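Below is one structure, written out as structure tokens; the observations come after it.
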Number of protein chains: 2
Amino acid sequence: MMASKQRSEAGETATRILDIGERLVQVRGFNGFSYADVASELAMTTAALHYHFPGKAELGRALIERYTQRFLDALEEIDARIPGAPDKLDAYAALYAGVLRGQRMCLCGMLAAEYQTLPDPMRDAVIAFIDANEAWVERVLSDGRQAGSIALPGSASDAARLIVSGLEGAMLVARPYGDLARFDTAAEGLLSGFRR
Amino acid sequence: MMASKQRSEAGETATRILDIGERLVQVRGFNGFSYADVASELAMTTAALHYHFPGKAELGRALIERYTQRFLDALEEIDARIPGAPDKLDAYAALYAGVLRGQRMCLCGMLAAEYQTLPDPMRDAVIAFIDANEAWVERVLSDGRQAGSIALPGSASDAARLIVSGLEGAMLVARPYGDLARFDTAAEGLLSGFRR
DNA sequence: GTCTATAGGCAGATAGAC
DNA sequence: GTCTATCTGCCTATAGAC
């Protein structure tokens with residue numbers, strides 16, 4: 001029996017399934033991929049997939065939860081590494097740009113489009129992702145206003161929502177054009193208004 | 001033989017198919033609905049649908065083209081009815097809000113998410129929709145700058161792209177929350193920066 | 001953990017009668 | 001124009017052997 005390296009460790013195969021599923025959802029959408037797609041990339045059968053994730057809904061939920069956790073970790077890292085609010089926001093936008101560079105949509109932006117067709121547990125997880133993002137941006141904006149580096153016309157909450165939805169929209173539109181500069185320009189336009 | 005009321009008139013049934021298909025795509029996505037869904041709403045068989053539209057790809061293309069034409073007509077109407085650039089932009093955002101009020105995503109915003117899975121003719125039509133929107137907003141911004149009612153930090157083209165993608169993102173995120181105010185606040189935040 | 005085999009359903013699509 | 005009937009293929013999922 002191996003000593004586990006850390007808490008709540010997913011199996012090797014489960015991790016590979018999540019990696020492939022994540023990419024497929026971000027590129028094709030939850031309704032645009034199948035267990036067979038994942039299985040063929042792993043050179044396995046769909047039956048084996050069902051051993052690791054009982055159904056597509058459970059796989060979907062696991063995908064969102066891992067993605068959200070990774071995102072939150074990245075936000076923590078930004079908080080630890082970068083002092084000023086404006087630079088934190090730039091780093092935040094760079095996270096999105098990194099996703100787009102892989103020709104992917106934000107996982108939860110994609111699932112927001114498909115929201116009406118998602119099983120309930122997935123819906124809740126999508127909302128939790130957006131809530132967490134807005135809360136982090138709102139905190140950064142509030143701190144920045146306090147420190148005098150951020151100018152807010154209205155509430156920090158409204159500005160945070162504008163930034164999050166604006167970045168999601170910039171990804172959504174840039175991807176069909178395959179044009180990263182489109183995203184960067186929009187992100188800069190979104191954020192520049194809040195710098196003081 | 002009936003005298004046709006206008007050029008390029010679609011048949012009654014074809015129009016009903018387009019109406020239902022349009023709603024289904026805006027709510028569930030192109031990969032989230034089937035010919036059977038449309039047929040059941042019309043109390044018809046899928047075979048009859050194939051008489052009007054040879055395949056799902058052709059139906060999809062017709063949906064985008066009709067939607068784009070309607071949108072362009074609405075933009076013409078705004079140009080004719082509303083004088084100032086800032087008010088034109090407000091009316092433009094109100095178009096999006098009207099779509100969202102029906103608990104729908106913008107047809108082409110939805111299809112932008114599913115872009116990688118779309119047949120080529122549909123891809124081209126999605127791009128044409130976005131191009132046309134950006135061109136109209138850019139023209140309004142340029143005219144407004146000329147007239148002194150619009151302030152632009154950079155190019156009118158960049159600002160137009162920011163506005164279009166920002167409104168699409170605001171719809172994308174507001175819909176899962178079922179919260180129209182979320183969209184309105186984001187739209188106001190997006191546009192207010194350009195008023196002088 | 002992964003396989004074979006298979007179920008049961010739904011997808012888009014076509015042929016041919018009416 | 002719309003139907004019945006049917007095809008072929010893919011989908012999610014399960015049973016049971018290894």
Side-chain angles (χ1 to χ4, degrees), chain A residues 1-2 4 8-25 27-64 110-111 114 116-123, chain B residues 1-2 4 8-25 27-64 110-111 114 116-123:
Chain A
M1 193 181 294
M2 306 235 309
S4 80
S8 75
E9 188 175 2
E12 275 270 309
T13 305
T15 299
R16 265 186 234 130
I17 293 170
L18 289 168
D19 289 342
I20 294 168
E22 184 175 278
R23 197 192 68 244
L24 288 171
V25 173
V27 171
R28 305 181 49 89
F30 191 71
N31 294 326
F33 88 103
S34 69
Y35 259 42
D37 295 328
V38 180
S40 84
E41 285 201 44
L42 282 169
M44 286 176 43
T45 61
T46 60
L49 265 55
H50 282 282
Y51 171 83
H52 298 279
F53 300 95
K56 205 184 171 187
E58 288 79 14
L59 171 57
R61 189 167 218 280
L63 286 172
I64 305 170
M110 178 66 82
L111 296 174
E114 299 178 291
Q116 290 297 327
T117 70
L118 299 182
D120 273 330
M122 287 186 65
R123 291 191 187 190
Chain B
M1 195 180 292
M2 305 235 308
S4 80
S8 76
E9 187 176 2
E12 276 268 310
T13 305
T15 300
R16 265 185 235 129
I17 293 170
L18 289 169
D19 289 342
I20 294 167
E22 183 175 280
R23 196 191 68 245
L24 287 171
V25 173
V27 172
R28 304 180 51 88
F30 190 72
N31 294 327
F33 88 103
S34 69
Y35 260 41
D37 295 328
V38 179
S40 85
E41 285 201 45
L42 281 169
M44 285 176 43
T45 61
T46 61
L49 265 55
H50 281 282
Y51 170 83
H52 297 279
F53 300 95
K56 205 185 172 190
E58 289 78 14
L59 171 57
R61 188 167 218 277
L63 286 172
I64 305 170
M110 179 66 82
L111 296 174
E114 298 178 292
Q116 290 297 329
T117 69
L118 298 182
D120 272 330
M122 288 186 64
R123 291 191 187 191

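So that the names make sense, note that chain A is the first sequence line, chain B the second, and so on, each numbered from 1. Model, not experiment: these values are computed from the prediction.
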Inter-residue atom distance [X].[atom1] - [Y].[atom2], 0.5 Å rounding:
| X | Y | atom1 | atom2 | result |
| --- | --- | --- | --- | --- |
| A/Phe33 | B/Thr117 | CZ | OG1 | 13.0 Å |
| A/Ile17 | A/Tyr51 | CD1 | OH | 10.5 Å |
| B/Tyr35 | B/Lys56 | OH | NZ | 9.0 Å |

Counting the atoms with a prime plus P, OP1 and OP2 as sugar-phosphate, which does [X] contact under 4.0 Å by heavy atoms, base, sugar-phosphate, or nothing?
| X | value |
| --- | --- |
| A/Ala39 | nothing |
| B/Ser34 | sugar-phosphate |
| B/Gly11 | nothing |
| A/Ala43 | sugar-phosphate |

What is the distance, rounded to the nearest whole Å, between atom [atom1] of [X] and atom [atom2] of [N]?
| X | N | atom1 | atom2 | answer |
| --- | --- | --- | --- | --- |
| A/Phe53 | C/dT2 | CZ | C1' | 16 Å |
| B/Tyr51 | C/dA13 | OH | C1' | 17 Å |
| A/Leu49 | D/dC11 | CG | P | 13 Å |
| A/Met44 | C/dG1 | CE | C1' | 8 Å |
| A/His50 | C/dA5 | NE2 | C1' | 14 Å |
| A/His52 | C/dT2 | NE2 | C1' | 8 Å |
| A/Tyr35 | C/dA11 | OH | P | 20 Å |
| A/Leu42 | C/dT2 | CG | P | 9 Å |

Between A/Thr45 and C/dT2, is there a side-chain N or O to OP1/OP2 distance below 4.0 Å?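 It does not, given that no N or O in the side chain of A/Thr45 lies less than 4.0 Å from OP1 or OP2 of C/dT2.
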
Short side-chain N/O contact to C/dA11 OP1/OP2 from B/Thr46, under 4.0 Å: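 For C/dA11, neither OP1 nor OP2 has a side-chain N or O of B/Thr46 closer than 4.0 Å.
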
Check every atom of D/dT12, C/dA13, D/dT2 against the side chain of A/Lys56 and return the nucleotide holding the closest atom.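 Nearest to the side-chain atoms of A/Lys56, counting from C-beta on, is D/dT12.
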
Give the minimum heavy-atom separation between A/Pro121 and A/Arg61, together with the two atoms involved.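 Scanning both residues completely, I find the closest heavy atoms to be CB-NE, 3.2 Å.
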
Of A/Ala47 and A/Ala36, whose nearest nucleotide on DNA chain D comes first from the 5' end?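 Looking at the nearest nucleotide for each, A/Ala36 comes out on the 5' side.
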
Side chains of residues 39-48 of chain B: which donor-acceptor partners sit under 3.5 Å, not counting sequence neighbours?
from	atom 1	to	atom 2	distance (Å)
B/Ser40	OG	B/Asp37	O	3.2
B/Glu41	OE1	B/Arg23	NH2	2.9
B/Glu41	OE2	B/Arg23	NH2	2.4

